[in-house]
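Numbers restart at 1 for each chain; the letters A, B, ... are given by sequence-line order, proteins then strands.
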Protein chains: 2
Amino acid sequence: MAERSRRRQGQRTVSIRDVAEAAGVSVATVSRALSADSASFQIRPETRQHVLETSAALGYRPNDLARALLQQRTSVIGVIVPDIANPFYTGVVRGIEDVASEAGYRMVLCNTDREPDRLDKYLETLVSSRVDGVLIAGGAADTPLDVDVFTRYHTKVVVVGRHDVACPSVQLDNVAAGAAITAHLAGLGHRRIALIAGPGDSRTMRDRLEGYRSALRAHGLPQLDELIRRGELDEDSGYRAAGELSTMDVPPTGIVTLNDRMAVGALAALHDRGISVPQKVSVTGFDDVSFASYVRPKLTTVSVPTYRIGTTAAELLLSALRGEPDSDGGKRVVLPTEVVIRDSSAPPPA
Amino acid sequence: MAERSRRRQGQRTVSIRDVAEAAGVSVATVSRALSADSASFQIRPETRQHVLETSAALGYRPNDLARALLQQRTSVIGVIVPDIANPFYTGVVRGIEDVASEAGYRMVLCNTDREPDRLDKYLETLVSSRVDGVLIAGGAADTPLDVDVFTRYHTKVVVVGRHDVACPSVQLDNVAAGAAITAHLAGLGHRRIALIAGPGDSRTMRDRLEGYRSALRAHGLPQLDELIRRGELDEDSGYRAAGELSTMDVPPTGIVTLNDRMAVGALAALHDRGISVPQKVSVTGFDDVSFASYVRPKLTTVSVPTYRIGTTAAELLLSALRGEPDSDGGKRVVLPTEVVIRDSSAPPPA
DNA sequence: TTGTAAGCGTTATCAG
DNA sequence: CTGATAACGCTTACAA
């Protein structure tokens, strides 16, 4: 008895049996006293009170592992993102966490850094840790997702921004968004509109690029490969791409940038070359991150509801976890984007 | 036997017993075959091979909960930050995750939003989920941390940026940093140096403020309360504070801002009022986030090694988890900061 | 209202 | 080299 109390290195973690012994009741009674729902009935109030007190006195903390093992649910969800440092995903994650934690779920965050290997590794460990659900945001669309393992282990899956998988998803109409921002420039009279894109393996980037192309087509503008540059989604990429574009024989009068960080880089490059925005050339961003309206000129961009993407995705997952019908099929929620016109875009010079 | 295979809702998750039955061996043998270290010995290679194959055929995934329950370790660490959207913490978290995942640990991320209640709730659930260790970054220094629960449950704790707790920690010398950036301005000849601070309950912000004060003292400059403004760490705060400062009867010629986002806001405010930086007034930031060198003028700021803070903290935690001596006391690592002089600071106008 | 005991899926100990 | 079996800490029928 007393031997149980000290074993190994000093103190032992206190278990439900310790509480039971100390309170002079059975473990079942302790369990009942502590379980939230059977709060008032199924147990005598005084007993309950007594157990609560001894439990507190001993500093008892129930072991969720044991509970989860028994109940076959962990109350944990896994969240996989390409890069948490990307403001887009930061917003999404915040949204997810807020609704998940509200519903009593913990969140395991995984960064893939866009490496397929890391994605696979994370999927593996998430299954092993028996998370109740997984939220997969973004990532290379070329590496197909294998959701079979998850269904095998009753793990619900919701994806953000992928189209290639048969599970609930929340998406942006990135094609329309890319078209809209390009059309904004075309509508202002620009005829040479360049694009600073992101990595080609991302579905999001491909869609925005396609939107750009279709808008060009719709406005009867030629599609020139030399006007399309690839970037790495950071400021430096935008800086270099814009620098190159500005030294072309016939430079573009408009630059569509596929995220705000690259747009800020582009703005800096143009500034450094004495090319005024928007008088000489217009620049647009994408995402509408917090600093977009604090750079000068204020950035014309496309606002995307990152936080809402997160909350929506989490709600989709929660409803799947509740076993609600129709949550297994490919329920798709498409969230709206909006062109936000500020000061970095204007008609081209005469 | 066969009954075991389908119960409840369609398929059951496959367990080690299923593999054992299918392979015609005992569960112990399966366990041995799958355990990494006893790879080649203690078991006949053919047996091992056979088990591996049936395991793969059945799509078996070991249940980490059961393992954790038995071994008293989860291979999970909890990470608590005030706000993951803050670039500072994003960097820290990336650092943590990289070394943690390398060492085979998963990470549970918790956002407190600087609300003490949420912090408490998270600490509670982290103990219950029996994470092996907890990393606590930032947060209100006024609400003391109760580490006792953790030691009771053998949970190692490492803090980032707090001084009030007896466990390993990694810190920045924020006092020195605040003093250094202020001294930079003072050295340039500025005599009216304003401060745009952050929330007063953060230790980091208090230290930087103290550094500002001491630098003023060291340079024999008066400390004027009217020159100190509080912000919320976002662009808008900086914008408004700088706007107010610029309309004072005797406006400051230098503005020290306690993070880069507020500095960008300040730059915008000054720009909008036609006050040129750095000719009329100098502005400095703090943190050196990615866009700091892409705003114009480029921001003079203090670079802090966020990523390294994260890796260092994680390593501290890992060594504590390995039970290395001396990792329980208050081992403190102080990381260096550096004033990065760019274009937003210059001597005051004559 | 309370207690007893089975079992969740592993690993480790101890025999064979 | 392999097989029983006892834990790990908890919840939940079922009995008392």
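Direction change of the helix axis from one end of the helix from dT1(C)-dA16(D) to dG16(C)-dC1(D) to the other is 40°, with five pairs defining each end axis (rounded to 10°).
Spacing between atom NE2 of His154(A) and atom C1' of dC8(C) amounts to 15 Å, rounded to whole angstrom units. For Arg61(B) and dC8(C), the CZ to P distance is 21 Å, given to the nearest whole Å. Taking atom CG of residue Leu65(A) and atom C1' of nucleotide dA7(D), one finds them 15 Å apart after rounding to whole Å. Protein atom CD1 of Ile43(B) is 13 Å distant from nucleotide atom P of dT11(C), rounded to whole Å. In this structure, Leu69(B) atom CG and dA12(C) atom C1' are separated by 14 Å, rounded to whole Å. Straight-line distance from the CG atom of Asp64(A) to the C1' atom of dC8(D): 15 Å, rounded to whole Å. Taking atom CD of Glu21(B) as the reference point, atom C1' of dG3(D) lies 15 Å away to the nearest angstrom.
Minimum atom distance to the side chain of Arg44(A) is reached by dT2(C), of the listed dT2(C), dC1(D), dG9(D). Nearest nucleotide to the Thr29(B) side chain, out of dT1(C), dT2(D), dC10(D): dT2(D).
Using a cut-off of 4.0 Å between Lys/Arg side-chain N and Asp/Glu carboxylate O, Asp113(B) and Arg94(A) are scored as salt-bridged. Between Arg106(B) and Asp132(B), no side-chain nitrogen of the basic residue sits less than 4.0 Å from a carboxylate oxygen of the acidic one, so the salt-bridge criterion is not met.
In terms of heavy-atom proximity, Ala100(A) sits nearest to Ile77(A) at CB-CD1, 3.8 Å. Across every non-hydrogen atom of Leu65(B) and Ser129(A), the tightest pair is CD1-O, 3.5 Å. The minimum heavy-atom distance linking Thr54(B) with Ala22(B) is given by the pair CG2-O, 4.2 Å. Contact record, Tyr60(B) with Val14(B): CD1-O, 3.4 Å, taken as the closest heavy-atom pair.
Residue contacts shown for Arg73(B) are absent, as no nucleic acid heavy atom lies under 4.0 Å away.
Here Gln72(A) reaches the OP1 or OP2 of dG9(C): one of its side-chain N or O atoms lies under 4.0 Å away. Residue Ser26(B) has a polar side-chain atom (N or O) positioned under 4.0 Å from OP1 or OP2 of dG3(D).
Side-chain contact annotation: Ser128(A) with Thr125(A), donor-acceptor N/O pair under 3.5 Å absent. Residues Asp98(B) and Tyr307(B) bring a donor and an acceptor atom of their side chains to less than 3.5 Å of each other.
The side-chain heavy atoms of Arg67(A) and Ser75(A), taken from C-beta on, include no pair separated by under 4.5 Å.
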Worksheet item: Taking protein heavy atoms under 4.0 Å as touching, what does nucleotides 11-16 of chain D look like 5' to 3' if B marks base contact, S marks sugar-phosphate-only contact and - marks none?
Response: BBB---
